[in-house]
2 protein chains.
Amino acid sequence: MMLDLVQVQGFVAVAEELHFGRAARRLNLTPSPLSRQVQALEHALGTPLLDRSSRSVRLTPAGQAFLGEARRLLDGARNAERVARQVARGEAGPVRLGYTAASALGVLPRLVAAIRSEMPGIDLVLEEMVTAEQVEALAARRLDLGLLRPLAPDLAPEVEGVRIAFACLARERLLLALPDDHPLCRRGHVSLRELDGQPFITWSPRGGTYFLGLLANIFRSAGVAPRAVQRVNQTHTMLALVREGIGLALVPESARALRTEGVVLLPLRPETDQRAELLLGWREGDNHPALARLRDLALTQQVLSDQQT
Amino acid sequence: MMLDLVQVQGFVAVAEELHFGRAARRLNLTPSPLSRQVQALEHALGTPLLDRSSRSVRLTPAGQAFLGEARRLLDGARNAERVARQVARGEAGPVRLGYTAASALGVLPRLVAAIRSEMPGIDLVLEEMVTAEQVEALAARRLDLGLLRPLAPDLAPEVEGVRIAFACLARERLLLALPDDHPLCRRGHVSLRELDGQPFITWSPRGGTYFLGLLANIFRSAGVAPRAVQRVNQTHTMLALVREGIGLALVPESARALRTEGVVLLPLRPETDQRAELLLGWREGDNHPALARLRDLALTQQVLSDQQT
DNA sequence: TTTCCTTACGCCTATCGTAAGCATA
DNA sequence: TATGCTTACGATAGGCGTAAGGAAA
């Protein structure tokens, strides 16, 4: 019913040596069981593979054709074994990584580059999702890792009994984005007080829940209340609207990577301790073989990231 | 040491059903040995493939990766089996066919076309050789079939204990080739008598032994003795020299296929019973699976060939 | 007579099914 | 408590090595 690879291996050895004795020695066997192996294989295939007289062994046409298939088969078996071992050791295999649109500006490209160079066997599958989607996808095992923002503190990091663990990868200041011809632009920094009543572009609830909270904290602690004039989903849209003079915005420092012409990013005065955190998330207790190494790699990346910002 | 395909098959069944009971039923087994098969496989690979609690079965990353390899492996095994059977039945496989340069004009193309349409699984390997080389190559198993000329009668069709068998595929008249401005060209035929003393292009010993004998027979029985002015190897060279007026030549009727401008091919008068025979040759007792069918096909071709000449 | 593929025989290991064990929802 | 994966156990089948058989040079 199913080919026996031991028999196939025996046949290949005999076909290569054209001599049962030598082939048997190569396989640490006596000629007797080897002969029976080949016979059993021939019986299973319903056709002779070897033409043997007591003085010579030759391949039949069927044997010649089968030899090629057999070698491929044995190579395939060895390869399958290797693949399983490598994936188990975390040296290879697919890893599904979720990321938020904003993380694509700073951390993601560096992380991907580091993985490609340090763990070349890993086959990264990237999927852009907002934080909530990532948490759900992690729990449902549709993702192995996520680059995401902190959940609201009242949301338990647990979905259907699966706990999600987090580690902080980067803490970014928020910068004020304003058109380069804006009056506040003269000095190199802007006081929070001056933002009161200013038109502001903020985040839409979809995707920007975390930033909405962050902005609210900053404004509340400074006692100012800008006017929200527009809600958007993505940082680059936000900067584009700023450039058009629609309003001001607070964006994470990694937005510098967008290098938007006509928009200036200034630090706030006084400094606030509010930081936009970017987290790495994974299933707690996940036995994904590459996970530990990937996490170490990501944390190394975090240091680099801090040095560069 | 070597993967066991039965275990692999067991794993694939469980991986597809995610349930030992159903998978076992599919394999006509009880869950017990199936569980042991998967365990043995995991032990051989040195890593778990399945994550089983008593209520659910899931693939580990290594199992996920191995599943793909395993499916390929099982497909490969089934394919290897199929290939061996097909070659054994003569439905597929490589066949090495030798042919003489002259046979490429008439029989070979028709034979190749017939094989391609009637036995599409056959992978024809063509090799141009003169008759003696073909006989040697057949004996040495470097060829399976040969399109060749008769050996000299004193040469036994046996090389190193291997007898070569022959069957006649085509018997061709020899035609006189002469330039279209030659005086003998006026009538539609030429008497053998008129060839006495004429300049003649004949065959070089390499390659043309058979034709040399045939020409000698024809001229001797007619009591004429043309002058050999040039010896060549190939029919088309012969016709080219005829066109240049170097001399006359006797060529097999299939040379009409060359349609050489400026050269006329005329029958001899009186008709001689000398024919250029084209033979099919093979090892006597050869068990090549496709041989019998190929021989039948070639003999069918012979009939066609006679009708067309 | 030698070589070497094959068959016969006894031993041992492996795999099956039945039945009991045990964890989880 | 029911489901379902796993382990225990006895029977059988299959594979190994040793030794004898048999065909070809």
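Chain A is the first sequence line, chain B the second, and so forth, proteins listed ahead of strands; every chain is numbered from 1. Only a predicted model underlies this, so the values are computations on that prediction, with no experimental measurement involved.
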Strand-adjacent residues in residues 7-24 of chain B, judged by heavy atoms under 4.0 Å from DNA chain C: none
Going by the side-chain contact (heavy atoms from CB on, under 4.5 Å) test, name the single residue among B/Arg85, B/Gln86, B/Arg78 that passes it with B/Arg82. B/Gln86
For DNA chain D, which residues of residues 56-66 of chain A approach it to below 4.0 angstrom with any heavy atom? none
Where at least one partner belongs to residues 79-99 of chain B, residue pairs that pass ring pair (Phe, Tyr, Trp, His ring centres under 6.0 Å), sequence neighbours excluded: none
Applying side chain to side chain contact (heavy atoms under 4.5 Å, CB included), can you list everything that pairs with B/Arg36, at least two apart in sequence or on another chain? B/Ser32, B/Pro33
How is A/Arg52 classified with respect to the nucleic acid when contacts are heavy atoms under 4.0 Å: base, sugar-phosphate, or nothing? sugar-phosphate
Among A/Leu278, A/Leu279, A/Leu280, which residue satisfies the side-chain contact (heavy atoms from CB on, under 4.5 Å) criterion with A/Cys168? A/Leu279
Taking side chain to side chain contact (heavy atoms under 4.5 Å, CB included) as the test, write out the residues that go with B/Thr209, two or more places apart. none
Divergence of helical axes at both termini of the helix from C/dT1-D/dA25 to C/dA25-D/dT1 - five pairs an end, 10° steps: 30°
According to salt bridge (Lys or Arg N to Asp or Glu O under 4.0 Å), who are the partners of B/Arg25, at least two apart in sequence or on a separate chain? none
Can a side-chain donor-acceptor contact be found between B/Thr60 and B/Gln64 if the only test is distance below 3.5 angstrom? no
Here the distance between atom P of D/dG15 and atom CE of B/Met1, to the nearest Å, is 19 Å
Considering only residues two or more places apart or on different chains, which pairs with a residue in residues 2-11 of chain B satisfy salt bridge (Lys or Arg N to Asp or Glu O under 4.0 Å)? none
Give, ordered by number, those residues of residues 32-42 of chain B having at least one heavy-atom distance below 4.0 Å to an atom of DNA chain C; if nothing qualifies, reply none. B/Ser32, B/Pro33, B/Arg36, B/Gln37
Please give, in whole Å, the distance from D/dA24 C1' to A/Asp51 CG? 14 Å
Which residue, A/Ser53 or A/Asn28, contacts DNA chain D at a nucleotide closer to its 5' end, judged by nearest heavy atom? A/Asn28
Between D/dC16 (P) and A/Leu27 (CG): distance, integer Å: 10 Å
Side chain to side chain contact (heavy atoms under 4.5 Å, CB included) partners of B/Asn233, counting only residues at least two apart: B/Ser204, B/Arg206
Can a salt bridge be assigned to the pair B/Glu277 and B/Arg149 using a cut-off of 4.0 Å between side-chain N and carboxylate O? no
Atom CG of A/Asp4 and atom P of C/dT15 are separated, to the nearest Å, by 11 Å
A/His43 NE2 to D/dG15 C1', straight-line distance once rounded to whole Å: 17 Å
Among B/Thr131, B/Leu108, B/Val107, the one residue meeting side-chain contact (heavy atoms from CB on, under 4.5 Å) with B/Thr100: B/Thr131
By side chain to side chain contact (heavy atoms under 4.5 Å, CB included), which residues pair with A/Arg72, not counting sequence neighbours? A/Glu69
Please list every donor-acceptor pair under 3.5 Å in which a side-chain atom of residues 5-13 of chain A meets a protein atom from a residue at least two apart or in another chain.
none

Rounded to whole Å, how long is the line connecting atom CZ of A/Arg55 with atom C1' of C/dT1? 10 Å
